[in-house]
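So the structure is just underneath, and the comments pick up after that.
When a ligand or atom number is given, it counts from 1 through the structure's own listing order.
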Amino acid sequence: MARTVVTGGAGFLGSHLCERLIRDGHDVVCLDNFVTGTPANVAHLVAEDGFQLIRCDVTDYVHVPGPVDNVLHFASPASPIDYLHLPIQTLKVGSIGTLHALGLAKDKGARFLLASTSEVYGDPQVHPQAEDYWGHVNPVGPRGVYDEAKRFGEALTMAYRRSHNVDTAIVRIFNTHGPRMRPNDGRAIPAFATQALRGEPITVAGDGSQTRSIIFVKDLVEGIVRLMRSDQPGPMNIGNPYELSILELAELVREVAKSDSPITFMPRPTDDPTVRQPDITLARAALDWEPVVDLRAGLESTIAWFRDHPDVR
Ligand code: UDP
């Protein structure tokens with residue numbers, strides 16, 4: 001039986017990973033400091049055999065007694081609003097937190113998987129983005145705290161692989177949506193969905209012509225679990241190549257929510273990437289993986305969750 005540590009396990013992605021691993025028969029140790037995650041995200045798992053929830057800030061120290069087969073390092077503020085409010089914590093968890101999580105994997109002889117991000121590509125000058133593109137990141141802009149923390153985490157992961165022979169993997173996660181996102185996390189889908197459901201104006205940044213490619217959380221988790229079980233080092237893009245403009249996304253969310261909210265326009269945030277689309281050739285070939293949930297079907301489920309949880313903040 002595999003035993004897997006998930007840092008940030010009570011966050012949006014972490015909680016879906018914990019749930020999937022428990023269903024697959026893993027023992028799961030979920031570590032979280034609950035800064036952006038919440039125990040409510042894993043409350044349904046607490047009674048399961050083999051699930052352990054531990055309050056822990058991985059930037060302090062990580063101690064997990066007993067054997068560990070996998071360390072999945074998912075702890076980090078991840079939405080622009082969160083990392084703009086928590087710039088130092090974001091840099092610390094991407095650097096010191098990654099150091100501690102790698103140290104745990106080294107100590108236990110475990111496979112280590114770093115949750116990296118499409119943000120390492122910054123405002124890309126190559127489109128779509130394949131893993132061999134080095135990116136176009138502004139280190140001193142407000143988003144730099146997240147982008148550079150993840151880039152440092154990737155470098156540290158490769159150093160542990162090369163110098164300490166730790167079995168490592170890096171996944172570059174593209175925009176993801178699904179149940180348990182926080183309505184107020186500032187990302188486009190939670191913002192548009194809650195605005196549409198409340199009949200409030202939908203706030204599109206700029207003229208809405210910037211693009212994103214958005215994957216449903218179930219598809220993402222499948223890709224990550226396959227990467228964990230492979231011997232691939234990555235970095236590997238996991239995302240849905242279906243690309244659309246933010247204005248099209250706003251209109252689609254409004255339609256799925258059966259809302260008549262007006263669309264309003266607000267200034268674009270600093271360094272907001274203009275385009276983003278994953279090249280998933282590598283994941284297709286190495287993991288025999290590709291996304292299967294289309295955007296509309298995924299949005300039905302995400303929007304239903306926001307409708308059913310109006311009080312979540
Ligand atoms: N966005 C928007 N309105 C909002 C929130 C976000 O138009 O209320 C835009 C944002 O400027 C960006 C896109 O939607 O162009 C995706 O933003 P998100 O924060 O979801 O993800 P990221 O920028 O990290 O890809």
Side-chain angles (χ1 to χ4, degrees), residues 11-13 36 74 76-87 90 94 115-124 127-129 135-138 141-151 171-217 220 237-254 257 259 261-278 295 298-299 302-303 306 313:
F12 164 48
L13 297 184
T36 57
F74 277 68
S76 179
S79 82
I81 275 196
D82 288 337
Y83 57 71
L84 296 178
H85 284 155
L86 303 165
T90 301
S116 186
T117 169
S118 59
E119 298 282 348
V120 301
Y121 301 123
D123 188 7
H127 193 64
Q129 295 79 52
H136 182 231
V137 169
N138 176 5
R143 295 175 82 103
V145 297
Y146 184 67
D147 305 2
E148 297 295 6
K150 290 292 186 182
R151 290 168 68 96
V171 56
R172 291 188 180 147
I173 296 170
F174 283 65
N175 296 64
T176 308
H177 72 106
R180 302 205 280 269
M181 293 187 96
R182 294 186 350 260
N184 62 349
D185 84 355
R187 288 176 170 125
I189 289 183
F192 295 169
T194 49
Q195 290 161 345
L197 290 170
R198 293 178 190 143
E200 294 167 359
I202 296 178
T203 53
V204 167
D207 64 2
S209 63
Q210 69 274 27
T211 69
R212 292 294 186 273
S213 306
I214 302 158
I215 187 168
F216 189 61
V217 65
L220 180 89
N237 291 337
I238 298 285
N240 189 326
Y242 177 74
E243 181 184 11
L244 80 174
S245 75
I246 291 301
L247 182 56
E248 287 170 316
L249 176 68
E251 287 165 347
L252 182 60
V253 167
R254 177 169 65 176
S259 163
S261 286
I263 289 177
T264 59
F265 296 89
M266 62 177 190
R268 279 276 289 289
T270 309
D271 297 337
D272 189 34
T274 305
V275 290
R276 192 175 289 153
Q277 184 191 33
L295 182 57
L299 283 174
T302 302
I303 291 171
F306 285 124
R313 295 190 61 77

ask   = So, do Leu299 and Phe216 sit near enough that their side-chain heavy atoms are less than 4.5 Å apart?
value =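 They are not in side-chain contact.
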inquiry  = Taking Lys150 first and then Glu119, would you say they form a salt bridge - that is, a charged N and a carboxylate O separated by under 4.0 Å?
reply    =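 Not counted as a salt bridge, because no side-chain N and carboxylate O are separated by less than 4.0 Å.
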ask   = Can a salt bridge be assigned to the pair Arg143 and Asp123 using a cut-off of 4.0 Å between side-chain N and carboxylate O?
value = no
inquiry  = Taking non-hydrogen atoms within less than 4.0 Å of ligand 1, which protein residues qualify?
reply    =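 Residues within 4.0 Å of ligand 1: Pro80, Glu119, Arg143, Asn175, Gly186, Arg187, Ala188, Ala191, Phe192, Thr203, Val204, Ala205, Gln210, Arg212, Ile246, Met266, Pro269, Asp272, Arg276.
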task = Tell me, please, which residues at least two apart from Glu148 pass salt bridge (Lys or Arg N to Asp or Glu O under 4.0 Å).
result =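 Partners of Glu148 by the salt bridge (Lys or Arg N to Asp or Glu O under 4.0 Å) criterion, ordered by chain and then number, come out as Arg151.
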inquiry  = Using the salt bridge (Lys or Arg N to Asp or Glu O under 4.0 Å) criterion, which residues pair with Asp207? Sequence neighbours excluded.
reply    =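 Residues passing salt bridge (Lys or Arg N to Asp or Glu O under 4.0 Å) with Asp207: none at all.
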inquiry  = Show me the pairs that pass ring pair (Phe, Tyr, Trp, His ring centres under 6.0 Å) and involve residues 187-211, at least two apart or across chains.
reply    =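 The answer is none; no pair qualifies.
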